[in-house]
Amino acid sequence: MTGQSGMVDPAIFEDLQTRVDEDTAVRDELKDIVQALEKHNRTISFVLSRAHSTPTANLSSVLNAAQESIQKAIGTVTALSRSASKLPYYKFNSMWSRQVQDLIFGILFWGWLGGYQSNASTPKCGRLLTLPDLSIILAVPVNLKDRDEFHLTIEEYLQALISLVEELSRLARNSVTLGDYERPLLINQFVKDVLAGFQILNLKNDTLRRRSDGLKYKVKDVEDVVYDLSLRDLLPKGKVEGYVKVEGVKQEVKEEESSKKIKMEEYE
Amino acid sequence: MEGVKEEQPSSPYMAMFEGFRAELDEHHDRREKIIKASRDITASSKKIIFTLQRVRNLGEPVPQFVVKNNTQYWKTIESQYQSIAADLQGLNRHRYRQITGGNQEFMEALSFHHYLETQTLISYDASAARVATMSGEAGAVELTAEDYILGIFDMVGELMRFSITSMATNGKLPAGKPNQDKRIKREVSEEHTGDKMDINVQTSALTLAPEPRNVLSDLRELRLQLEMFEPPRGAKFYDEVEKKMKVMRECVDKVEKALYSLTVRGKERPKGWMPDANEDRRAIVESY
């Protein structure tokens with residue numbers, strides 16, 4: 001089969017096959033790195049899941065353990081960044097986007113619990129790490145525009161932020177179980193602030209939109225916890241900064257309740 | 001609700017989210033612009049193909065009415081590529097895969113047109129260069145190897161329609177011109193085998209003209225090439241190729257079946273009943 005005697009020059013398909021095979025080789029190389037990252041993510045989430053059953057006072061050991069796993073993940077991200085920066089970013093980013101989101105979520109949760117730059121013996125909860133923070137932690141650029149290299153995207157950050165809200169709504173309930181009636185208030189304020197942020201975004205019909213639609217239910221879950229605490233007069237009075245706001249919530253919830261009652265009466 | 005309204009401006013993350021909003025809006029605008037361009041390129045390509053299906057001869061420039069009719073659509077495609085070229089550069093070169101639909105349909109039109117005029121398959125490099133030229137100064141819109149291959153799969157469907165129409169209206173498969181075929185052969189012989197083939201050309205010129213290739217033999221060759229092609233496993237592209245492979249085989253089968261019934265029916269007819277012109281045709285048909 002040399003030269004073209006018929007319709008198709010065989011060189012055309014030989015060349016295409018080479019191109020496609022090159023892409024496959026690149027993907028195989030990346031796959032190993034991405035799998036390693038996935039493994040680190042599992043360890044991080046395993047370690048951090050202990051936060052649900054650890055009182056705030058003893059959280060330091062959990063956070064230190066998480067930091068160790070995060071450190072290993074950062075090494076993998078460096079390797080990923082090195083390999084991926086040689087390639088067109090958006091041609092291959094679907095390969096690692098999910099894993100990068102999971103890692104960001106792990107770091108956000110860790111940071112929220114007070115793991116980042118904390119010297120205090122009792123970690124302080126409630127900090128939201130920003131994209132620039134993550135850029136420093138992971139040593140990779142964020143939201144790049146001018147050059148085609150590996151970076152973290154806004155979408156990945158927002159996806160991780162949604163995961164954080166979901167995780168915190170679980171933590172709000174578990175805090176109560178641990179006898180901590182303060183943290184649900186903190187979480188309540190935090191998830192509301194995040195929700196307010198998401199509400200100003202114009203999201204199109206994509207996964208981000210679908211997941212962010214679920215945020216309000218998570219916020220409501222946390223509100224329900226706060227409501228349960230306030231009903232039983234378990235809220236720490238005068239101790240929490242956000243107490244006034246919490247009063248507002250209580251008020252609001254009570255109003256809702258009373259309006260429900262009115263509706264019920266109407267039905268009767 | 002009042003509570004929420006009061007709290008909104010006081011959220012400490014508002015500035016951050018406003019930044020995100022600006023970025024995402026820009027991204028969505030770009031995306032929508034590209035989707036629209038892709039649709040327009042698809043529509044114009046379909047119109048070009050539609051006109052090309054009225055061509056009856058192979059291996060010569062398409063008739064004037066086709067040129068006249070299609071010029072406007074080529075122009076539309078060009079202006080669409082130009083309008084999005086700047087959005088598909090640098091980091092964003094591969095970001096908006098929504099262009100793939102337009103690229104594939106354009107590939108189908110381009111390769112069909114090219115086949116009708118030259119009876120050969122346009123190469124990937126030539127196709128990508130064509131899109132690059134159309135994209136203008138802002139830089140080339142990328143035509144990927146995947147776009148090219150998927151477009152070629154669809155082109156087989158056009159060749160099928162072209163063959164069936166021709167068999168139904170002229171009672172024969174479209175084939176190349178003997179002269180042209182000889183010319184190609186000579187080019188090949190000069191490149192590769194030198195003198196040896198010259199003798200062949202001479203003898204074939206002395207005897208009957210060499211059998212010109214027809215659409216079916218081209219279809220079979222293309223089928224062979226496409227079947228030999230190995231897409232990467234696990235990718236979305238693999239599934240698309242699988243799907244199109246099935247359709248492509250059906251298309252070739254259809255032409256073979258049509259030709260079969262043409263041949264069988266030809267045999268059935270009493271000799272004297274057939275017009276002379278068709279007698280020739282049958283002789284050709286039988287020898288496939």
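Computed from a predicted model, the values in this text were never measured in an experiment.
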> Is it the backbone or the side chain of B:D25 that comes under 4.5 Å from a heavy atom of chain A, or both, or neither?
Replying inline: side chain

> Under a 4.5 Å heavy-atom cut-off, does chain B meet the side chain of A:F92, its backbone, both or neither?
Replying inline: neither

> Does any heavy atom of chain A fall under 4.5 Å from the side chain of B:Y96, the backbone, both, or neither of them?
Replying inline: neither

> Under a 4.5 Å heavy-atom cut-off, does chain B meet the side chain of A:L87, its backbone, both or neither?
Replying inline: neither

>> Heavy atom to heavy atom, less than 4.5 Å: which residues from residues 123-132 of chain B reach chain A?
In response: B:S123, B:Y124, B:D125

> Heavy-atom distance under 4.5 Å to chain A: side chain of B:E32, backbone, both or neither?
Replying inline: side chain

>> I'd like to know which of A:L128, A:D15, A:V194, A:T24 tops the heavy-atom pair count under 4.5 Å against chain B.
In response: A:L128

> Between B:Y13 and A:F190, does the ring centroid distance fall short of 6.0 Å?
Replying inline: yes

>> So that I can tick it off, tell me whether A:K91 and B:E142 are bridged by a salt bridge, with the cut-off set at under 4.0 angstrom between side-chain N and carboxylate O.
In response: no

> What part of A:D146 gets closer than 4.5 Å to chain B, counting heavy atoms only: side chain, backbone, both or neither?
Replying inline: neither

> At a heavy-atom separation under 4.5 Å, does B:R93 approach chain A through its side chain, its backbone, both, or neither?
Replying inline: neither

> chain B heavy atoms under 4.5 Å from A:R19: which part of the residue, side chain, backbone, both or neither?
Replying inline: side chain

> Relative to chain A, which segment of B:I122 carries a heavy atom at a distance below 4.5 Å: side chain, backbone, both, or neither?
Replying inline: backbone

> Would A:Y157 and B:F20 count as a close aromatic pair, with their ring centres under 6.0 Å?
Replying inline: yes

>> Which atoms of B:L24 are under 4.5 Å from chain A, going by heavy atoms: the side chain, the backbone, both sets, or neither?
In response: side chain

> Checking heavy atoms, do the side chain of A:L195, its backbone, both or neither come under 4.5 Å from chain B?
Replying inline: neither

